[in-house]
Undergrad: 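Could you have a look at this structure, given as structure tokens, before my questions?
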Amino acid sequence: MDGLSPRFPPELERLIFTYAAYLSPRKLGGFLLVARRVHHWIEPLRYRDLELTRSTSREFLQLLSQKSPEFLSAHVSVLMLHHYTPSDTSEPAWFRRVDGILKNCVGIIDLTFSGVSYPYIDWASFAHLRVLNLDRSACISFRDMLRGAPGLTLPHITHLEYHPYDTYHHLLGSQMVASQLPGLTHLLLSRWKEQSLPQVRDLLLLNQIQRLVILGVDKELSLLENEKLVLLPPNDMTLKERWKLRTSGHEGYDYWVLAENIVRSRDKV
């Protein structure tokens with residue numbers, strides 16, 4: 001088909017195929033077979049939102065491993081690791097391969113660790129990272145990493161979803177946020193514990209914090225009456241499930257969108 005003249009100018013043809021692939025990601029594999037030029041346009045979209053789990057096929061991991069560091073850095077912008085624990089020695093080759101891939105995805109802007117303990121990541125290498133979502137053991141690893149490296153700052157992170165086992169024992173302190181996450185403006189907390197109220201008050205006092213979202217309705221929290229604070233009802237959806245919906249364009253599952261909708265409706269009263 002590459003020998004045929006396209007019916008549209010190349011710029012318009014590229015726009016059509018790229019937009020179609022964006023709207024219908026499940027059909028992306030079919031678009032790759034249309035023509036070499038279309039394959040060249042569309043292939044990077046296959047890796048834009050990347051999910052790596054223990055069930056990720058070896059074939060796909062091998063394909064990723066064959067991509068150049070420049071390709072992965074330029075095209076992987078959203079990454080989720082699910083149930084990935086490097087301390088597990090049952091499949092060392094698998095972990096080495098994922099390690100190599102992760103080290104080359106330095107252009108990501110949105111990173112999610114779900115059910116993951118990953119203490120060895122080189123956080124400083126992710127200079128473009130803006131959005132970080134952590135769940136359970138990943139929260140502990142991240143907090144312990146910051147504690148163990150008090151001189152480390154991650155100034156580019158602006159949005160942090162923090163879903164620890166409980167907020168009382170595993171919450172990030174306001175001093176840690178101010179000194180090591182100086183660019184953080186939006187913080188979400190789940191698994192609320194009443195004992196965490198003093199820590200929440202301290203976080204609300206930080207000038208850098210523009211929005212503090214808590215999943216949980218609590219009388220003590222409601223009495224704070226702080227314009228930065230937004231309370232959302234908790235739900236049973238996992239971080240992985242919401243990631244899939246969010247990356248598919250379903251804004252109704254994006255806590256930040258929900259929080260801003262509440263703020264706008266609150267301002268109208």
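All values reported here derive from a predicted model rather than from experimental measurement.
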Undergrad: Is it the case that one hydrophobic cluster holds both V131 and V257, taking links as side-chain heavy atoms less than 4.5 Å apart, direct or via other members?
TA: no
Undergrad: Rounded at 0.5 Å granularity, tell me how far NE2 in H163 sits from CG in D135.
TA: 6.5 Å
Undergrad: Pairs under 3.5 angstrom only: tabulate donor-acceptor contacts from the side chains of residues 204-211 to other protein residues two or more places apart or in another chain.
TA:
residue: Q208; atom: NE2; partner: L181; partner atom: O; Å: 2.8
residue: Q208; atom: NE2; partner: L184; partner atom: O; Å: 3.0
residue: R211; atom: NE; partner: E260; partner atom: OE2; Å: 2.9
residue: R211; atom: NH1; partner: E227; partner atom: O; Å: 3.3
residue: R211; atom: NH2; partner: E260; partner atom: OE1; Å: 3.4

Undergrad: What about L239 and L187, same hydrophobic cluster or not, with Ile/Leu/Val/Met/Phe/Trp/Tyr joined at side-chain heavy-atom distances under 4.5 Å?
TA: no
Undergrad: Do side-chain atoms of T238 reach the backbone of E241 as a donor and acceptor pair under 3.5 angstrom?
TA: yes
Undergrad: For side chain to side chain contact (heavy atoms under 4.5 Å, CB included), just list the numbers for L129 and H156, CA-CA rounded to whole Å, side-chain angles, deciding distance to a tenth of an Å, and then say yes or no.
TA: CA-CA 6 Å; L129 184 62; H156 303 292; 5.6 Å; no
Undergrad: Using ring pair (Phe, Tyr, Trp, His ring centres under 6.0 Å) as the criterion, list what pairs up with H159, not counting sequence neighbours.
TA: H186, W256
Undergrad: Taking the six-membered ring for Trp and the single ring otherwise, decide whether the centroids of F71 and Y47 are under 6.0 Å apart.
TA: yes
Undergrad: Take L215 and Y255, measure what side chain to side chain contact (heavy atoms under 4.5 Å, CB included) needs, and give me the verdict at the end.
TA: CA-CA 9 Å; L215 302 185; Y255 285 136; 3.6 Å; yes
Undergrad: Show your working on side chain to side chain contact (heavy atoms under 4.5 Å, CB included) between L81 and T53 and close with a plain yes or no.
TA: CA-CA 6 Å; L81 291 176; T53 75; over 6 Å; no
Undergrad: Got a sec, which residues hit side-chain hydrogen bond (donor to acceptor under 3.5 Å, both in side chains) with N261, two or more places apart in sequence or on another chain?
TA: R264
Undergrad: Would you list the pairs meeting salt bridge (Lys or Arg N to Asp or Glu O under 4.0 Å) in which at least one residue belongs to residues 141-150, sequence neighbours left out?
TA: none
Undergrad: Got a second to check how far E161's CD is from C139's SG, nearest 0.5 Å?
TA: 10.0 Å
Undergrad: Under the side chain to side chain contact (heavy atoms under 4.5 Å, CB included) criterion, do V177 and L203 qualify, and how do the steps go?
TA: CA-CA 8 Å; V177 170; L203 288 168; 4.0 Å; yes
Undergrad: Going by side-chain heavy atoms closer than 4.5 Å, which hydrophobic residues are tied to M80, directly or by a chain of links?
TA: V78, W243
Undergrad: As a test of understanding, state which of I108, L50, I109 forms a side chain to side chain contact (heavy atoms under 4.5 Å, CB included) with S77.
TA: I109
Undergrad: Please examine the side chains of I140 and P164, heavy atoms only from C-beta on, and report whether any two atoms are closer than 4.5 Å.
TA: no
Undergrad: Got a second to check how far F142's CZ is from L172's CG, nearest 0.5 Å?
TA: 6.5 Å
Undergrad: Could you tell me the separation between the CG atom of L212 and the CG atom of L231, rounded to the nearest 0.5 Å?
TA: 9.0 Å
Undergrad: Grab the two heavy atoms, one from P69 and one from N104, that are nearest each other, plus how far apart they are.
TA: CB-OD1, 3.6 Å
Undergrad: Rounded to the nearest 0.5 Å, how far does SG of C105 lie from CG of L79?
TA: 5.5 Å
Undergrad: Tell me whether M145 shares a hydrophobic cluster with L132, the cluster being built from Ile, Leu, Val, Met, Phe, Trp, Tyr side chains joined at under 4.5 Å.
TA: yes
Undergrad: Taking the side chain as every heavy atom from C-beta outward, state whether L134 and L160 have any atom pair closer than 4.5 Å.
TA: yes
Undergrad: Is Q180 reaching over with its side chain to a backbone N or O of T153, donor-acceptor style, under 3.5 angstrom?
TA: no
Undergrad: Going by salt bridge (Lys or Arg N to Asp or Glu O under 4.0 Å), name the pairs with one or both residues in residues 106-115, residues two or more places apart or in two chains.
TA: D110-R246
Undergrad: Measure the OH-CG distance between Y162 and L189 for me, rounded to the nearest 0.5 Å.
TA: 9.0 Å
Undergrad: Do L188 and L258 land in one hydrophobic cluster if side-chain heavy atoms of ILVMFWY residues count as linked below 4.5 Å?
TA: yes
Undergrad: Do I262 and L232 have side chains that approach each other closer than 4.5 Å (heavy atoms only, starting at C-beta)?
TA: yes
